[in-house]
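Structure record follows, encoded as structure tokens.
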Amino acid sequence: MPGYYDIDDILMEEEPISVVFQVSANGVGLLDPGAERNSVEKGAKVDLPFWLAHGLLSLEQAVSINVPPCFTQKTRKEIQADAACVDLRIRCPYFYELGCKIVPLVNDRSIGLFLRYAFTSRYKEILSKSHSSSMMTVPKFVPRLTKEEAQVFESARDSMTAFKKWRAGGVRLQKASILGRKRKTKLPDGPSAP
Amino acid sequence: MAGQSDPHLSIFSPSEVEFVAEDEIVEIVPNIRMEALNMICGDFGPFFPQIASKVPLWLAVALKKRGKCTIRTPDWMTVDRLTQVLDAERESPKEFQPLPFHYIEISKLLFDHARDDISDAYLVRSLIEDIRDVRFHKVETGLETISGRTHAVKLKNLSAMEVNIVRPFMVRTLQAFYKHDSPQMIQQADNTGSRPTPVTDRGPRRDLRRR
């Protein structure tokens, strides 16, 4: 669970979210590129970072949040066709984290089911590749994984790599690199000839 | 624990699991006379030449390195026994045959330090590798069946090193399923337009083997 200092959680909240203002907002025209005055009109559609949209929503329902593009029907159809081949990272690196936070805020009730279906489908592909791939070669689907999926994949790969390294044996103790270096000591120069 | 980067996930390195395995008891045949050794974990000895004695693996390895004993191969680490285990492993798709909890580590230590005491060492090693591969494939096949919130996964007879390999993946996977299959995420969709039904906190317990 994300804590206060969780950098992934902080980065996730930077994702842009499309919102519609339910009230006019004075003095914040900076948020609306199409605003003519220093204010946002009621009904204006604006892209805000998640932390700001979430904050405004909790303050007297100032904005209503639209479903982000990565959870629309287009992405869902692609996931249903072949989940492992969809590049979720390019859509949203924090696909699952954002989805979990967006579910209570939007009217679409099926995002939760979609998240579970997506993870369940892609998880099998991660499972079949993670323990058997080495550090040298990277399977083709790895660049398409989200942050969370990549963590799962890398933890399994690192675990198997550590086991194989131990299995191969070798010396238990390692020599400190400094001990291998030869010391170069310069004798002080003699007095210069007159 | 070495190599720990995620504070929420405890990771044992294989060397640490091997260190724990060295407390297993093995049988040695000393070729020297020695008084009893009084350890915190117990008293071992006294040792007499050609009379078998049980000691921890770390002590057996230390004595072997000094040429003071031969290590008797465990009963399970013979060609006949391992062949039976391998056949049984292949026949049952979901069950694991009972083997010592640290069989991978014990076999590695014996191969590293007491190879001359093992008869048919090459065949024994090959059989253990095959057994480990078959068992790991069964673990992966079992993991594929996870498709929802799961509170516990029962893996009877799985050994320490096998658990250690799969622990990071399994823990993170179960955490993800726990999050995505939680009532807060799914209940909204399931109860659209109907009265909310009470949802028990615990999901179904899943066995990766037949009872």
Side-chain angles (χ1 to χ4, degrees), chain A residues 1-3 5-6 95-97 99-132 146-173, chain B residues 2-3 5-9 11-19 104-105 107-109 111-112 129 132 136-137 139-149 161-162 164-193:
Chain A
M1 294 305 147
Y5 299 106
D6 189 355
F95 177 82
Y96 298 101
E97 293 89 337
C100 289
K101 297 206 171 193
I102 214 77
V103 159
L105 305 177
V106 297
N107 294 324
D108 194 332
R109 300 301 195 186
S110 57
I111 293 182
L113 286 172
F114 173 52
L115 286 179
R116 182 179 69 176
Y117 178 83
F119 185 77
T120 305
S121 307
R122 292 164 69 89
Y123 150 78
K124 290 185 171 60
E125 187 77 11
I126 296 170
L127 171 63
S128 64
K129 297 288 198 304
S130 53
H131 284 108
S132 56
T146 68
K147 246 347 178 82
E148 181 172 323
E149 292 166 343
Q151 280 174 5
V152 172
F153 175 83
E154 283 163 12
S155 66
R157 185 179 61 177
D158 293 346
S159 179
M160 183 57 85
T161 301
F163 170 76
K164 287 180 176 174
K165 184 180 177 185
W166 168 82
R167 188 84 182 121
V171 294
R172 286 194 179 187
L173 303 177
Chain B
S5 59
D6 191 343
H8 305 289
L9 200 65
I11 297 175
F12 287 94
S13 67
S15 301
E16 287 165 326
V17 182
E18 183 191 54
F19 183 79
I104 295 177
E105 302 90 292
S107 63
K108 181 184 185 307
L109 284 164
F111 283 126
D112 286 350
E129 292 286 336
R132 183 172 63 81
F136 192 78
H137 184 260
V139 171
E140 278 197 334
T141 305
L143 282 172
E144 278 186 14
T145 63
I146 301 179
S147 60
R149 172 182 265 211
M161 189 60 81
E162 289 162 341
N164 196 53
I165 293 171
V166 83
R167 178 189 285 112
F169 182 88
M170 188 180 280
V171 169
R172 290 177 191 272
T173 300
L174 293 179
Q175 280 175 352
F177 275 115
Y178 194 92
K179 180 174 67 169
H180 298 314
D181 203 9
S182 65
Q184 292 82 31
M185 297 285 293
I186 304 299
Q187 182 172 354
Q188 291 187 352
D190 292 340
N191 293 281
T192 303

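Hydrogens, waters and symmetry mates play no part in the numbers below; they use all other heavy atoms, side chains included.
- The OG1 atom of Thr161(A) lies 10.5 Å from the CD1 atom of Ile165(B); values are rounded to the nearest 0.5 Å.
- Residues Ile126(A) and Phe169(B) approach most closely at CG2-CE1, 3.8 Å, considering heavy atoms.
- Contact annotation for Val17(B): neither backbone nor side-chain heavy atoms come within less than 4.5 Å of a heavy atom of chain A.
- The two atoms that bring Pro14(B) and Ala162(A) nearest to each other are CG-O, 3.5 Å, heavy atoms only.
- For Phe136(B), the ring-ring contact (aromatic ring centres under 6.0 Å, His included) partners are His131(A), not counting sequence neighbours.
- For Glu129(B), the salt bridge (charged side-chain N to carboxylate O under 4.0 Å, His left out) test picks out Arg167(A), Arg132(B), with sequence neighbours left out.
- Of the listed residues (Gly99(A), Cys100(A), Ala156(A)), the one with the most heavy-atom contacts under 4.5 Å to chain B is Cys100(A).
- Atoms CH2 and CD, from Trp166(A) and Glu16(B) in turn, are 13.0 Å apart once rounded to the nearest 0.5 Å.
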